[in-house]
Enquirer: 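Dropping the structure in here first, questions after.
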2 protein chains.
Amino acid sequence: MKFIENGTVVNPKGFRAASVAAGIRYKDREDMAILVSEKPAYAAGTFTSNRVKAAPVLWDMHIVNDAGMAQAVVVNAGIANACTGDEGYQICAKTADAVERALSIPFEMTLLGSTGVIGMQIPADKIEKGVAAMADLLSDEPEAGHKAARAIMTTDTRPKEAAVSFEVGGKTVTIGGICKGVGMIHPDMCTMLCFLTTDCNIDRGLLQEALSEDVKETYNMISVDGDTSTNDTCLLLANGMAENPEITEKNEDYEKFCEALHAINRHFARLQAGDGEGATALLEVQVKGAAGHEEAKKLARSVVSSSLVKAMIYGHDPNWGRIMCALGYAGVDFDPYQVDLCYKSKAGEVIVAKNGITTGYSEELASKILSEPEVTVICDLKMGDGYAEAFGCDLTYDYVKINADYRS
Amino acid sequence: MKFIENGTVVNPKGFRAASVAAGIRYKDREDMAILVSEKPAYAAGTFTSNRVKAAPVLWDMHIVNDAGMAQAVVVNAGIANACTGDEGYQICAKTADAVERALSIPFEMTLLGSTGVIGMQIPADKIEKGVAAMADLLSDEPEAGHKAARAIMTTDTRPKEAAVSFEVGGKTVTIGGICKGVGMIHPDMCTMLCFLTTDCNIDRGLLQEALSEDVKETYNMISVDGDTSTNDTCLLLANGMAENPEITEKNEDYEKFCEALHAINRHFARLQAGDGEGATALLEVQVKGAAGHEEAKKLARSVVSSSLVKAMIYGHDPNWGRIMCALGYAGVDFDPYQVDLCYKSKAGEVIVAKNGITTGYSEELASKILSEPEVTVICDLKMGDGYAEAFGCDLTYDYVKINADYRS
């Protein structure tokens, strides 16, 4: 399994992309994208756990859970189409209808994604014009994927895209994707939209299972601000065009597929966390020695979500008591006086607490380690084999600035 | 029941206070306080739910759960005495020992409270000297209470103190208190220390029950930053010196006591929330029409804890979709398209969403309403009778500033 240089969503065979400036809410930039598969593809998806689900989420859930097939994905940035009632759902239907007219893709084969302000209606005419314009621009050139990755950004500072490839039965199989963050990000689906494509020939049930399982260890382990969005969506289309022997059981080939899927999802999770709103650093929390995997996950999520830990990373302050505190309220039983804490980055590694007490470490070194753009906190509970990692970022003035005045 | 003007912790009969600059970590300010009851008092308490409990919390839990009697409370600000192991617990014993030597109060009758940095040891000699100095300064003058309220502050910008009085069997009964916030504040005991005194003659079991129940509706409904501290403590001493007929059952007198206790606790909860680290506004969230009280509490806590809601209050941005979003991830079932949302403050009142959809309200008016120092968000789910309120504050640059560089 390897990452493809400058890989993107159109690397898998039979996928094309396009994007356009539809003028939905942003000015002077592209704000709409489409992905199209040459053949109908199996469609797997995971969606926000929020009780308030945006219209495109409801639309996609229906398609993924019912027929489980799709051929196009239309995405817009700027307006979330959430809290928009029947009118919002009608926009979804109009979008699919526009795709059918422009590309002869059946109405029920178009998936949707929206991100942006809640409670505002999307102008239907702009969406329809956007779809018609994109139909003429579809391309399988990498540049089309790169532009699509940019078009779906909101407060993201960087586009997020990648592709990995591996061999199955003598055939090269590829998984590609684009995604965006980066506010309202919290475990159990972030405000993230993630669109994955693959040419892998794989059973529909296994495709969904692979995605559902992997999302728990990757996107659901990100926290930017503790808010779980109304729009989180991760879609994975598999069109089988790699022509590998179909993966129909949990054999070695399935393992390879899962490994590649995990690699791209973990990569995206880290990109999203590191590009959290206002972030200056990626914070990775590793918990080991927990009683079990679920306990380790709860502990890692608690630390990575703590406002005080996040602010301390921003300030490069090795105030490790805050990490102990966040472990302590995770709702998991452990002995504080068995915990070791370590900070790690390119600048080095330092154990700050041993058995729950300070080691008398060098504050200067610890602060230097925390000054890097990627920082890892390692918590060892010395109880069992439970391991988990979680991804987050620091809490900065800019986070507040971005969110105090989001709409103007 | 009425609030006493400039009331404080020494208003109830038989209570004295003192404070001193012990130089534990702060310079040029008082950082230590003591409360003493003339007679041994029943001691009720509630403590942090954090798995990592500071030494003074463990000390107090032992006394409150065992004998349930106390005569003194010693508090320091600057160092939390958390993650300090056996050495930290020895500091507790040395403090109680110093009180016994200075005031002839039995060793096991001194309760403790600490707040400040985690993982650092308190210098024992400074604590011992501080206790000795305070023994000579004890006074039942209001000024002694006012100074004690200031001495226990950390990042608080204002001292927090109050007293209420009411009649029981022809006798005036008083409840007084001092408390502090204001970071690591989250439901299930905040980083808050709260010391309540009363001269009420009341059964020890009922005293604890009244406190435990009321804390759930007041302090446990505050969120400043989602972090539950290692040191949260609320103590209530009752010395019976009002000489009212002892309250031994849940009768009308008990109701009066609970009502007065709730009034002072709610007052403190609002003071703590409004003085959250870096806060410019108190945010009160009222949820009504929920299926039940517990559901209403979960929903209110979810909204008041949302970073995005808090940032939007700071920005005076009526972006109500964020409130819907926070309701949606509270883990409670409801119909988004039945929800009404309203903003209220001294500047007026505006319904921004009706049945989950925008009302086309005036953005200008809504923004003006959100510009006041006390803002209320009312969420009506129209399902049942469940009501709850939660207290928080906005998220500001100053919160980040305070916490990025807490120790320097």
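The sequence lines fix the lettering, A, B, ..., with proteins before strands; numbering per chain opens at 1.
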Enquirer: How far does SG of A/Cys325 sit from CD1 of B/Ile118, to the nearest 0.5 angstrom?
Expert: 5.0 Å
Enquirer: Would you mind telling me which of B/Ile313, B/Thr396, B/Asp335 has the largest number of heavy-atom pairs within less than 4.5 Å of chain A?
Expert: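 Highest number of pairs under 4.5 Å: B/Thr396.
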Enquirer: Taking atom CG of A/Leu327 and atom CG of B/Asn50, what is their separation to the nearest 0.5 Å?
Expert: 9.0 Å
Enquirer: Out of B/Glu87, B/Gln121, B/Met324, which one racks up the most heavy-atom pairs below 4.5 Å with chain A?
Expert: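 Most pairs with chain A among the choices: B/Met324.
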Enquirer: Counting only heavy atoms from other residues, nucleotides and ligands, does the tally under 6.0 Å from CD1 of A/Ile378 exceed 12?
Expert: yes
Enquirer: So what's closer than 4.5 Å to chain A heavy atoms on B/Asn355: side chain, backbone, both or neither?
Expert: neither
Enquirer: Keeping the roles fixed (side chain from B/Tyr329, backbone from A/Val52), state whether a donor-acceptor pair exists under 3.5 Å.
Expert: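 Answer holds: no.
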Enquirer: Between B/Trp320 and A/Cys83, what is the shortest heavy-atom contact and its length?
Expert: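 Distance-wise, the nearest heavy atoms are CH2-CB, 3.7 Å.
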Enquirer: As an exercise, state the distance from OG of A/Ser307 to NZ of B/Lys310, rounded to the nearest 0.5 Å.
Expert: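 It comes to 7.5 Å.
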Enquirer: Within a reach of under 6.0 Å around CD1 of B/Ile351, are more than 12 heavy atoms found that belong to other residues, nucleotides or ligands?
Expert: no
Enquirer: Checking heavy atoms, do the side chain of B/Val352, its backbone, both or neither come under 4.5 Å from chain A?
Expert: neither
Enquirer: Measure from the side-chain N and O atoms of B/Arg51 to the backbone N and O of A/Pro336, and report whether any donor-acceptor pair falls under 3.5 Å.
Expert: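 Flag not set: sc B/Arg51 to bb A/Pro336 has no pair under 3.5 Å.
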Enquirer: Between atom CG of A/Asp86 and atom OH of B/Tyr337, what is the distance when rounded to the nearest 0.5 Å?
Expert: 8.0 Å
Enquirer: Between B/Val117 and A/Asn319, what is the shortest heavy-atom contact and its length?
Expert: CG1-OD1, 4.2 Å
